[in-house]
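First listed ligand is number 1; within each ligand, the first listed atom is number 1. Note that the coordinates shown come from a computational prediction; the quantities given were computed from them, not determined experimentally.
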Amino acid sequence: MSNKPLRAGGSHARIAVIPGDGIGKEVTPVAVNIIKAATAKHHRPMEFVEFDWGADKFLTEHISLPDGAVEMLRDEFDAILFGALGDPRVPSNQHAADILLGLRFKLDLFVNVRPTELFHERFTPLKDRVCNDIRLIVFRENTEGIYVGAGGFFKKGTADEVATQEDINSRKGVERTIRYAFDYARAHKLHRLCMSDKSNAMIFAGDLWQRVFKSLRTEYPEIESRHLYIDTLAMELVRDPRQFDVIVTNNLFGDIISDLAAELAGGLGLAPSGNIHPGQTSLFEPVHGSAPNIAGKGIANPFGSVLAAGMMLEFLGWHDEAHLLKQSVKAALHDNVTTPDLHGSKVTLEVAEWLAHYVSKHA
Ligand SMILES: NC(=O)c1ccc[n+]([C@@H]2O[C@H](COP(=O)([O-])OP(=O)(O)OC[C@H]3O[C@@H](n4cnc5c(N)ncnc54)[C@H](O)[C@@H]3O)[C@@H](O)[C@H]2O)c1
C-alpha cells in the first residue's frame with residue numbers, strides 16, 4: 001500500500017494511532033479492533049500505524065512530538081485516532097501540550113466537533129427527559145481565542161504582579177468555524193443553529209463574531225439561527241436542551257459548554273470529539289483524559305473512544321460503518337454491558353468483546 005493517503009470517500013485509508021498515556025492505551029486498541037471488524041466485510045482496507053508518543057517516551061528519550069511528525073501525519077495519513085495524554089510523572093504536562101496542542105495548531109485543525117446524544121434515559125441527570133430531548137452538536141473554534149498563549153507577566157512574584165492573557169480572534173478563524181457549523185446543519189438537515197458569545201462584555205471579539213454571524217446567516221435562510229450570550233446558553237441548555245441542534249462558539253466557551261452538554265447525556269465516558277480541517281488529516285479522540293486513578297485496572301470505559309472512531313469513519317465518508325459503530329454502543333448501553341463508571345459490572349475487555357461480536361454480526 002502506498003504511503004499517500006486517499007482522502008474522504010476513497011477505498012482505503014491510512015490511520016495514525018496515538019494511544020498516549022494511562023487509559024488511552026486501554027481504550028484505543030478497543031476502537032481499532034472495532035473499526036477492523038466493521039470495515040472488513042465491506043472490503044475497506046485500512047492501514048493502522050501506531051506511534052508511541054507519550055509520557056514514557058518523553059521521560060526516557062526527552063521526545064514529545066518528534067521532528068517531522070507533523071509533516072509526516074499531514075502528508076501520509078488520512079486521520080489520527082488519539083487516546084489521551086497526561087501522566088503524574090510529568091507534572092508540567094509538557095509532553096501533552098507539545099503533542100496534542102502541537103497537532104491541533106500545526107495541522108490547523110480549526111474546528112472541534114463535539115456531538116452529544118442521550119443514548120438511554122438513565123444517563124441524564126435531568127428530570128423527565130427522553131432520548132430525543134438531547135441530541136445536539138457543539139462546534140468550537142479550535143486554534144485561536146484565549147488558548148493561543150498570548151500574554152505575559154509583569155512584576156512576577158511580587159505584590160504588584162500582573163498577568164495578562166489575550167483573546168485572539170481572526171476574521172478568517174471566526175468565519176471558517178461559523179461557516180463549518182452552518183454547512184454541517186445544512187448537510188444534516190438540522191434546522192436550528194445558535195451562535196454564542198459574550199459580546200455584551202467582551203466587546204471587540206464579540207463584535208467580530210456578531211458581524212461574521214450576521215453576514216453568514218443570510219446565506220442559510222432555511223436554518224433558524226439565533227444568538228445567545230454564553231451564560232444564557234448554559235442556563236437554557238439545562239432548562240430545556242430540546243431547543244438546540246447546532247451550537248457554535250469560541251475556543252474557551254466551546255470547551256466549557258461542550259462539557260456541560262456531555263454531562264447531560266452521561267458524562268465524559270460517553271463523549272467523543274473530532275479536531276477537523278476539512279479535506280486534510282484530522283484527529284479524533286475521546287473527550288476524557290488519561291484517568292491515572294483507574295489506569296492499569298482494566299475498567300476504563302471504551303465507548304468515548306469507539307464513538308470517536310465512528311466520527312473518524314464518518315469523516316472518511318464511510319457512513320454505514322460509522323453508523324454501525326454507534327449502533328453497537330447504543331446496543332451495549334441498552335443491554336447494560338458497561339463498565340463501573342456507568343454503573344455496569346463489566347471490565348474493558350468484556351465490553352470490547354461484546355462490541356466486536358455485535359459489529360461482526362451486523363456488518
Ligand atoms: N485530551 C486529553 O488527552 C486530555 C483531556 C483531559 C485531561 N487530560 C489529562 O488527563 C489527566 C487526568 O485528568 P483528569 O483526571 O482531570 O480527567 P480524566 O478525564 O482523565 O478523569 C476524570 C474522571 O473521570 C474518570 N474517567 C475518565 N475517563 C474515563 C473512562 N473512559 N472510563 C472510566 N472512567 C473515566 C476518571 O477515572 C476520573 O475519575 C491529566 O493529566 C489531564 O491533563 C488529557
Donor-acceptor contact below 3.5 Å, side chain Gln243 vs main chain Leu237: no
When you check ligand 1 against the protein, what N or O pairs turn up below 3.5 Å? List the atom names and distances, or just say none.
residue, atom, partner, partner atom, Å
ligand 1, 1 (N), Glu285, OE1, 3.3
ligand 1, 3 (O), Leu85, N, 2.9
ligand 1, 10 (O), Ser290, N, 3.1
ligand 1, 10 (O), Ser290, OG, 3.2
ligand 1, 19 (O), Gly289, N, 2.7
ligand 1, 20 (O), Gly289, N, 3.4
ligand 1, 20 (O), Ser290, N, 3.3
ligand 1, 20 (O), Ala291, N, 2.8
ligand 1, 31 (N), His288, NE2, 3.4
ligand 1, 31 (N), Asn301, O, 3.0
ligand 1, 32 (N), Asn301, N, 2.9
ligand 1, 37 (O), Asn293, OD1, 2.8
ligand 1, 37 (O), Asn293, ND2, 3.2
ligand 1, 39 (O), Asn293, ND2, 3.0
ligand 1, 43 (O), Asn93, ND2, 2.9

Salt bridge flag under 4.0 Å for residues Arg239 and Glu236: yes
Stepwise salt bridge (Lys or Arg N to Asp or Glu O under 4.0 Å) test for Arg135 and Glu117: CA-CA 4 Å; Arg135 184 170 295 136; Glu117 188 173 338; 3.5 Å; yes
Tyr358 and Trp354 aromatic ring geometry - parallel, tilted or perpendicular at 30°/60° bounds: parallel
Polar side-chain atom of Thr281 near backbone of Leu73 as donor-acceptor pair, under 3.5 Å: yes
His227 and Asp197 side chains, donor-acceptor separation under 3.5 Å: yes
